[in-house]
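For ligands, and for the atoms within them, numbers begin at 1 and follow the listed sequence.
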Amino acid sequence: MRDQAETLRLKMLKSQGELSKSIAIISGKGGVGKSNFSTNFAYALLSKGKKVLIIDMDIGMGNIHILLGATPQYSLKDYLHGTKEIDEIVNTAPRGLTFISGGSGLDSVMEWSAEMFERLIRAFEHLQQAYDFILFDMGAGATQSSIELIVAVDEIIVISTTEPTSITDAYSMMKFICLQDADKSFSIVSNRVSKYDDGNDAITRLQYAMRKFLGKETKLLGFLPEDPVVHKAVLAQEPFLLLFPNAPITKRMMAIAETFVSPSSSDGFKTGEGFLGKLRSLFTKGRG
Ligand SMILES: Nc1ncnc2c1ncn2[C@@H]1O[C@H](COP(=O)(O)OP(=O)(O)O)[C@@H](O)[C@H]1O
Ligand SMILES: [Mg+2]
(Lines give C-alpha, C1' and ligand atoms only; values in the text may rest on other atoms or scores of the structure.)
(Ligands and ions follow the chains in the order given, each with its own letter.)
Protein backbone atom coordinates (compact mmCIF):
# COMPACT_ATOMS: atom_id res chain seq x y z
CA MET A 1 0.00 0.00 0.00
CA ARG A 2 2.67 2.40 1.12
CA ASP A 3 4.93 1.41 -1.79
CA GLN A 4 2.19 2.10 -4.30
CA ALA A 5 1.53 5.51 -2.87
CA GLU A 6 5.19 6.30 -3.06
CA THR A 7 5.56 5.15 -6.62
CA LEU A 8 2.64 7.32 -7.55
CA ARG A 9 4.13 10.28 -5.78
CA LEU A 10 7.38 9.85 -7.69
CA LYS A 11 5.50 9.61 -10.97
CA MET A 12 3.66 12.79 -10.21
CA LEU A 13 6.89 14.54 -9.42
CA LYS A 14 8.30 13.40 -12.71
CA SER A 15 5.35 14.57 -14.74
CA GLN A 16 5.75 18.02 -13.30
CA GLY A 17 9.23 17.98 -14.82
CA GLU A 18 10.72 19.78 -11.89
CA LEU A 19 13.24 17.35 -10.55
CA SER A 20 16.87 18.09 -9.98
CA LYS A 21 19.84 16.25 -11.36
CA SER A 22 21.89 14.57 -8.65
CA ILE A 23 25.66 14.35 -9.07
CA ALA A 24 28.15 12.66 -6.73
CA ILE A 25 31.71 13.99 -6.73
CA ILE A 26 33.99 11.13 -5.70
CA SER A 27 37.63 10.04 -5.71
CA GLY A 28 39.67 7.03 -4.68
CA LYS A 29 42.35 8.87 -2.77
CA GLY A 30 41.55 11.83 -0.51
CA GLY A 31 42.96 15.32 -0.94
CA VAL A 32 42.72 15.35 -4.73
CA GLY A 33 40.41 18.36 -4.96
CA LYS A 34 36.82 17.08 -4.58
CA SER A 35 35.62 19.80 -2.23
CA ASN A 36 37.26 22.59 -4.21
CA PHE A 37 35.79 21.15 -7.38
CA SER A 38 32.32 20.87 -5.80
CA THR A 39 32.18 24.46 -4.55
CA ASN A 40 33.55 26.01 -7.72
CA PHE A 41 31.53 23.78 -10.03
CA ALA A 42 28.47 24.83 -8.02
CA TYR A 43 29.29 28.51 -8.58
CA ALA A 44 29.87 27.86 -12.26
CA LEU A 45 26.39 26.29 -12.57
CA LEU A 46 24.95 29.12 -10.50
CA SER A 47 26.48 31.70 -12.84
CA LYS A 48 24.64 29.94 -15.67
CA GLY A 49 21.33 30.58 -13.95
CA LYS A 50 20.86 27.20 -12.27
CA LYS A 51 19.67 26.58 -8.74
CA VAL A 52 22.30 24.55 -6.95
CA LEU A 53 22.56 22.78 -3.61
CA ILE A 54 25.77 21.19 -2.29
CA ILE A 55 25.46 18.49 0.33
CA ASP A 56 28.66 17.83 2.23
CA MET A 57 28.67 14.07 2.72
CA ASP A 58 31.96 14.08 4.58
CA ILE A 59 29.92 13.72 7.74
CA GLY A 60 31.85 14.71 10.83
CA MET A 61 34.79 16.02 8.79
CA GLY A 62 33.01 18.35 6.43
CA ASN A 63 34.80 21.34 4.99
CA ILE A 64 32.45 22.80 2.39
CA HIS A 65 31.37 25.42 4.92
CA ILE A 66 35.02 26.36 5.52
CA LEU A 67 35.65 26.79 1.80
CA LEU A 68 32.57 29.02 1.69
CA GLY A 69 33.62 31.01 4.76
CA ALA A 70 30.42 30.11 6.59
CA THR A 71 29.72 28.95 10.13
CA PRO A 72 26.44 27.08 9.94
CA GLN A 73 24.68 26.25 13.16
CA TYR A 74 23.30 22.88 12.11
CA SER A 75 24.46 20.10 9.84
CA LEU A 76 23.26 16.95 8.12
CA LYS A 77 24.01 15.12 11.36
CA ASP A 78 21.28 17.07 13.16
CA TYR A 79 18.78 16.17 10.46
CA LEU A 80 19.76 12.48 10.33
CA HIS A 81 19.51 12.24 14.10
CA GLY A 82 16.04 13.73 13.90
CA THR A 83 16.69 16.82 16.00
CA LYS A 84 16.30 19.31 13.12
CA GLU A 85 14.07 19.51 10.07
CA ILE A 86 15.49 19.75 6.56
CA ASP A 87 14.77 23.46 6.08
CA GLU A 88 16.68 24.21 9.26
CA ILE A 89 19.91 22.71 7.93
CA VAL A 90 19.92 24.30 4.46
CA ASN A 91 22.27 27.30 4.56
CA THR A 92 22.78 30.15 2.16
CA ALA A 93 26.26 31.16 1.01
CA PRO A 94 27.10 34.34 -0.94
CA ARG A 95 25.29 34.86 -4.28
CA GLY A 96 22.51 32.47 -3.45
CA LEU A 97 24.38 29.18 -3.35
CA THR A 98 22.78 26.81 -0.88
CA PHE A 99 24.55 24.09 1.02
CA ILE A 100 24.11 21.52 3.74
CA SER A 101 27.09 21.17 6.02
CA GLY A 102 28.56 17.79 6.94
CA GLY A 103 29.37 19.09 10.39
CA SER A 104 32.54 18.65 12.36
CA GLY A 105 33.35 16.48 15.34
CA LEU A 106 34.88 13.14 14.49
CA ASP A 107 32.50 11.31 16.79
CA SER A 108 29.93 11.00 14.07
CA VAL A 109 31.70 9.00 11.36
CA MET A 110 28.94 6.49 10.92
CA GLU A 111 26.85 4.07 8.97
CA TRP A 112 23.28 5.20 8.75
CA SER A 113 20.49 3.34 10.46
CA ALA A 114 17.34 2.41 8.55
CA GLU A 115 15.61 5.43 10.09
CA MET A 116 18.36 7.75 8.92
CA PHE A 117 18.24 6.36 5.40
CA GLU A 118 14.49 6.87 5.31
CA ARG A 119 14.98 10.45 6.50
CA LEU A 120 17.56 10.97 3.78
CA ILE A 121 15.13 9.80 1.10
CA ARG A 122 12.42 12.05 2.45
CA ALA A 123 14.82 14.99 2.40
CA PHE A 124 15.65 14.41 -1.26
CA GLU A 125 12.00 14.15 -2.22
CA HIS A 126 11.59 17.57 -0.74
CA LEU A 127 14.84 19.11 -2.02
CA GLN A 128 14.73 17.88 -5.59
CA GLN A 129 11.77 20.08 -6.33
CA ALA A 130 13.66 23.22 -5.38
CA TYR A 131 16.95 22.76 -7.26
CA ASP A 132 18.25 22.11 -10.75
CA PHE A 133 21.37 20.41 -9.41
CA ILE A 134 22.14 18.64 -6.16
CA LEU A 135 25.86 18.00 -5.74
CA PHE A 136 27.10 15.46 -3.21
CA ASP A 137 30.66 16.15 -2.10
CA MET A 138 31.59 12.67 -0.93
CA GLY A 139 34.03 11.94 1.86
CA ALA A 140 37.16 9.88 1.41
CA GLY A 141 36.84 6.11 1.37
CA ALA A 142 33.81 3.97 0.71
CA THR A 143 31.40 3.14 3.51
CA GLN A 144 28.34 1.02 2.79
CA SER A 145 26.12 4.09 3.20
CA SER A 146 28.15 6.24 0.85
CA ILE A 147 28.20 3.50 -1.80
CA GLU A 148 24.41 3.19 -1.60
CA LEU A 149 24.12 6.87 -2.27
CA ILE A 150 26.70 6.89 -5.07
CA VAL A 151 24.93 4.02 -6.83
CA ALA A 152 21.64 5.93 -6.68
CA VAL A 153 22.70 9.28 -8.14
CA ASP A 154 22.17 10.31 -11.76
CA GLU A 155 25.83 11.07 -12.49
CA ILE A 156 29.20 10.34 -10.95
CA ILE A 157 32.14 12.68 -11.41
CA VAL A 158 35.48 11.11 -10.47
CA ILE A 159 38.25 13.52 -9.53
CA SER A 160 41.80 12.29 -9.99
CA THR A 161 45.20 13.92 -10.15
CA THR A 162 47.69 12.63 -12.68
CA GLU A 163 49.75 10.81 -10.03
CA PRO A 164 49.79 7.01 -10.44
CA THR A 165 48.53 6.53 -6.86
CA SER A 166 45.52 8.73 -7.52
CA ILE A 167 44.84 7.00 -10.85
CA THR A 168 44.98 3.47 -9.40
CA ASP A 169 42.77 4.47 -6.45
CA ALA A 170 40.27 6.06 -8.84
CA TYR A 171 40.23 2.81 -10.80
CA SER A 172 39.68 0.73 -7.62
CA MET A 173 36.84 2.99 -6.55
CA MET A 174 35.10 2.76 -9.94
CA LYS A 175 35.59 -1.00 -9.96
CA PHE A 176 34.04 -1.24 -6.51
CA ILE A 177 31.02 0.79 -7.65
CA CYS A 178 30.67 -1.32 -10.82
CA LEU A 179 30.50 -4.43 -8.66
CA GLN A 180 27.43 -2.93 -6.96
CA ASP A 181 25.87 -1.71 -10.19
CA ALA A 182 27.32 -2.75 -13.54
CA ASP A 183 25.32 -0.09 -15.38
CA LYS A 184 26.89 2.86 -13.64
CA SER A 185 28.82 5.27 -15.83
CA PHE A 186 31.56 7.71 -14.87
CA SER A 187 32.90 11.06 -15.95
CA ILE A 188 36.47 11.91 -15.04
CA VAL A 189 38.03 15.25 -14.19
CA SER A 190 41.80 15.29 -14.26
CA ASN A 191 42.90 17.81 -11.62
CA ARG A 192 46.19 19.56 -10.82
CA VAL A 193 47.61 18.95 -14.27
CA SER A 194 50.95 20.76 -14.47
CA LYS A 195 52.74 21.84 -17.58
CA TYR A 196 55.41 19.26 -16.76
CA ASP A 197 53.23 16.19 -16.88
CA ASP A 198 51.11 14.70 -19.53
CA GLY A 199 47.69 14.58 -17.91
CA ASN A 200 46.22 13.11 -21.01
CA ASP A 201 48.51 10.10 -20.85
CA ALA A 202 47.48 9.19 -17.28
CA ILE A 203 43.78 9.47 -18.10
CA THR A 204 44.18 7.50 -21.31
CA ARG A 205 45.67 4.67 -19.27
CA LEU A 206 42.82 4.87 -16.78
CA GLN A 207 40.25 4.78 -19.59
CA TYR A 208 42.08 1.84 -21.12
CA ALA A 209 42.00 -0.11 -17.82
CA MET A 210 38.28 0.63 -17.43
CA ARG A 211 37.59 -0.63 -20.93
CA LYS A 212 39.82 -3.70 -20.75
CA PHE A 213 39.00 -5.01 -17.28
CA LEU A 214 35.49 -3.68 -16.65
CA GLY A 215 34.20 -3.27 -20.20
CA LYS A 216 33.34 0.36 -19.47
CA GLU A 217 33.74 3.51 -21.50
CA THR A 218 34.52 6.51 -19.29
CA LYS A 219 34.05 10.08 -20.36
CA LEU A 220 36.74 12.70 -19.79
CA LEU A 221 34.92 15.83 -18.64
CA GLY A 222 38.04 17.98 -18.69
CA PHE A 223 41.40 18.94 -17.25
CA LEU A 224 41.96 21.45 -14.47
CA PRO A 225 45.46 22.88 -14.21
CA GLU A 226 47.64 23.07 -11.13
CA ASP A 227 47.03 26.70 -10.19
CA PRO A 228 48.13 28.75 -7.16
CA VAL A 229 44.80 30.61 -7.18
CA VAL A 230 43.20 27.49 -5.65
CA HIS A 231 45.36 27.77 -2.53
CA LYS A 232 44.84 31.54 -2.37
CA ALA A 233 41.08 31.09 -2.59
CA VAL A 234 41.11 28.41 0.14
CA LEU A 235 42.98 30.82 2.43
CA ALA A 236 40.49 33.58 1.62
CA GLN A 237 37.60 31.11 2.16
CA GLU A 238 36.02 32.11 -1.12
CA PRO A 239 35.65 30.14 -4.35
CA PHE A 240 38.41 30.81 -6.92
CA LEU A 241 35.71 31.15 -9.53
CA LEU A 242 34.54 34.37 -7.86
CA LEU A 243 37.92 35.65 -6.64
CA PHE A 244 39.79 35.00 -9.89
CA PRO A 245 37.27 35.20 -12.70
CA ASN A 246 39.97 35.42 -15.36
CA ALA A 247 42.23 32.60 -14.15
CA PRO A 248 42.74 29.75 -16.63
CA ILE A 249 41.31 27.27 -14.10
CA THR A 250 38.11 29.35 -13.87
CA LYS A 251 37.70 29.21 -17.63
CA ARG A 252 38.17 25.44 -17.60
CA MET A 253 35.62 25.08 -14.82
CA MET A 254 33.09 27.17 -16.74
CA ALA A 255 33.61 24.96 -19.78
CA ILE A 256 32.96 21.82 -17.71
CA ALA A 257 29.79 23.35 -16.26
CA GLU A 258 28.62 24.33 -19.73
CA THR A 259 28.45 20.66 -20.74
CA PHE A 260 25.87 20.18 -17.97
CA VAL A 261 23.60 23.06 -18.90
CA SER A 262 23.66 23.01 -22.68
CA PRO A 263 20.47 21.50 -24.13
CA SER A 264 22.52 18.87 -25.96
CA SER A 265 23.88 17.53 -22.65
CA SER A 266 23.42 13.74 -22.66
CA ASP A 267 19.95 12.69 -21.54
CA GLY A 268 18.60 16.07 -20.50
CA PHE A 269 18.92 16.91 -16.86
CA LYS A 270 15.64 16.03 -15.20
CA THR A 271 16.31 12.51 -14.05
CA GLY A 272 15.71 12.67 -10.33
CA GLU A 273 13.00 10.04 -10.42
CA GLY A 274 15.62 7.44 -11.24
CA PHE A 275 17.67 8.60 -8.33
CA LEU A 276 14.92 8.30 -5.75
CA GLY A 277 13.65 5.05 -7.20
CA LYS A 278 17.13 3.58 -6.92
CA LEU A 279 17.67 4.80 -3.40
CA ARG A 280 14.40 3.20 -2.40
CA SER A 281 15.10 -0.14 -4.00
CA LEU A 282 18.58 -0.27 -2.50
CA PHE A 283 17.10 0.61 0.81
CA THR A 284 14.53 -2.18 0.71
CA LYS A 285 16.94 -4.71 -0.79
CA GLY A 286 19.76 -4.00 1.64
CA ARG A 287 17.76 -3.73 4.83
CA GLY A 288 14.75 -5.93 4.31
N1 LIG B 1 43.87 22.56 -9.34
C2 LIG B 1 44.52 22.77 -8.19
N3 LIG B 1 45.64 23.52 -8.16
C4 LIG B 1 46.31 23.71 -7.01
N5 LIG B 1 45.94 23.21 -5.83
C6 LIG B 1 44.84 22.44 -5.77
C7 LIG B 1 44.07 22.17 -6.95
N8 LIG B 1 43.02 21.39 -6.59
C9 LIG B 1 43.15 21.17 -5.26
N10 LIG B 1 44.23 21.79 -4.75
C11 LIG B 1 44.69 21.79 -3.34
O12 LIG B 1 44.49 20.49 -2.82
C13 LIG B 1 44.00 20.57 -1.50
C14 LIG B 1 42.94 19.51 -1.25
O15 LIG B 1 41.76 19.83 -1.97
P16 LIG B 1 40.31 19.40 -1.47
O17 LIG B 1 39.34 19.99 -2.45
O18 LIG B 1 40.12 19.71 -0.05
O19 LIG B 1 40.42 17.82 -1.69
P20 LIG B 1 39.40 16.64 -1.25
O21 LIG B 1 38.07 17.24 -1.01
O22 LIG B 1 39.43 15.67 -2.39
O23 LIG B 1 39.98 16.03 -0.01
C24 LIG B 1 43.44 21.98 -1.31
O25 LIG B 1 43.92 22.54 -0.14
C26 LIG B 1 43.89 22.77 -2.51
O27 LIG B 1 44.69 23.86 -2.13
MG1 LIG C 1 36.79 17.14 0.70
Side-chain angles (χ1 to χ4, degrees), residues 23-44 54-70 72 75-77 93 97 99-106 108-109 135-143 146 149-150 156-163 165-174 186-200 202-203 220-257:
I23 305 175
I25 291 95
I26 71 164
S27 71
K29 210 161 99 83
V32 296
K34 286 183 300 297
S35 299
N36 278 279
F37 177 87
S38 302
T39 46
N40 287 280
F41 181 57
Y43 271 102
I54 306 183
I55 306 183
D56 190 342
M57 295 305 297
D58 209 346
I59 296 171
M61 282 203 286
N63 52 22
I64 286 291
H65 64 285
I66 300 171
L67 294 177
L68 295 172
S75 74
L76 189 58
K77 274 197 303 190
L97 179 73
F99 71 99
I100 293 176
S101 166
S104 37
L106 272 176
S108 60
V109 178
L135 309 181
F136 294 94
D137 178 29
M138 302 305 295
T143 64
S146 67
L149 180 72
I150 291 168
I156 301 173
I157 297 180
V158 184
I159 312 288
S160 177
T161 69
T162 56
E163 290 181 345
T165 45
S166 175
I167 294 278
T168 41
D169 287 357
Y171 172 77
S172 304
M173 184 73 176
M174 286 190 275
F186 304 92
S187 301
I188 300 168
V189 170
S190 184
N191 190 27
R192 307 195 74 160
V193 179
S194 86
K195 55 179 182 245
Y196 302 108
D197 59 20
D198 188 351
N200 203 8
I203 297 301
L220 176 63
L221 263 185
F223 295 97
L224 292 174
E226 169 75 29
D227 194 326
V229 302
V230 180
H231 181 63
K232 285 183 193 156
V234 172
L235 291 182
Q237 293 185 265
E238 274 185 65
F240 63 73
L241 201 104
L242 298 183
L243 267 187
F244 302 97
N246 298 316
I249 192 169
T250 296
K251 290 179 181 154
R252 295 286 192 128
M253 186 62 89
M254 293 298 274
I256 290 174

Presence of N, O or S from Asn63 under 2.8 Å of the Mg ion (ligand 2):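 Checking the Mg ion (ligand 2) against Asn63, no N, O or S atom falls under 2.8 Å.
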Distance under 4.0 Å to a non-hydrogen atom of [X]: what atoms of ligand 1 satisfy this?
| X | answer |
| --- | --- |
| Asn36 | 15 (O), 16 (P), 17 (O), 18 (O), 24 (C), 26 (C) |
| Gly31 | 14 (C), 19 (O), 20 (P), 22 (O), 23 (O) |
| Pro225 | 1 (N), 2 (C), 3 (N) |
| Asn191 | 1 (N), 2 (C), 7 (C), 8 (N), 9 (C) |

State, without any angle test, whether Asp56 and Ser101 hold a side-chain donor-acceptor pair at a distance under 3.5 Å.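 No, no side-chain donor-acceptor pair sits under 3.5 Å.
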Side chain, backbone, both or neither: which part of Pro228 has a heavy atom under 4.0 Å from ligand 1?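 No part of Pro228 comes within reach of ligand 1.
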Select one of side chain, backbone, both or neither to describe which atoms of Ile249 lie under 4.0 Å from any atom of ligand 1, heavy atoms only. side chain
Among all the protein's non-hydrogen atoms, which is closest to [atom], and how far away is it?
| atom | answer |
| --- | --- |
| atom 7 (C) of ligand 1 | Arg192 CG, 3.6 Å |
| atom 20 (P) of ligand 1 | Lys34 N, 3.5 Å |
| atom 2 (C) of ligand 1 | Val230 CG2, 3.5 Å |
| atom 19 (O) of ligand 1 | Gly33 N, 3.0 Å |

Would a distance-only check, ignoring hydrogens and angles, find a side-chain to backbone donor-acceptor pair under 3.5 Å from [X] to [Y]?
| X | Y | answer |
| --- | --- | --- |
| Thr250 | Asn246 | no |
| Asn191 | Val32 | yes |
| Ser166 | Glu163 | no |
| Asp58 | Met138 | no |

Do Phe244 and Phe240 have ring centres separated by under 6.0 Å? no
contact_flag Asp227 ligand 1 heavy-atom lt 4.0 Å: yes
Leu224, any N or O under 3.5 Å of ligand 1 N or O: no
Reference residue Val189; test side chain to side chain contact (heavy atoms under 4.5 Å, CB included); the match among Ile203, Val158, Leu220, Ile157: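 Of the listed residues Ile203, Val158, Leu220, Ile157, the side chain to side chain contact (heavy atoms under 4.5 Å, CB included) partner of Val189 is Ile157.
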Looking at Val234, Ile249, Leu241, which one forms a side chain to side chain contact (heavy atoms under 4.5 Å, CB included) with Val229? Ile249
Is there a side-chain contact between Glu226 and Thr161 in this structure, where contact means two heavy atoms from C-beta onward sitting under 4.5 Å apart?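 Counting from C-beta outward, Glu226 and Thr161 never come under 4.5 Å.
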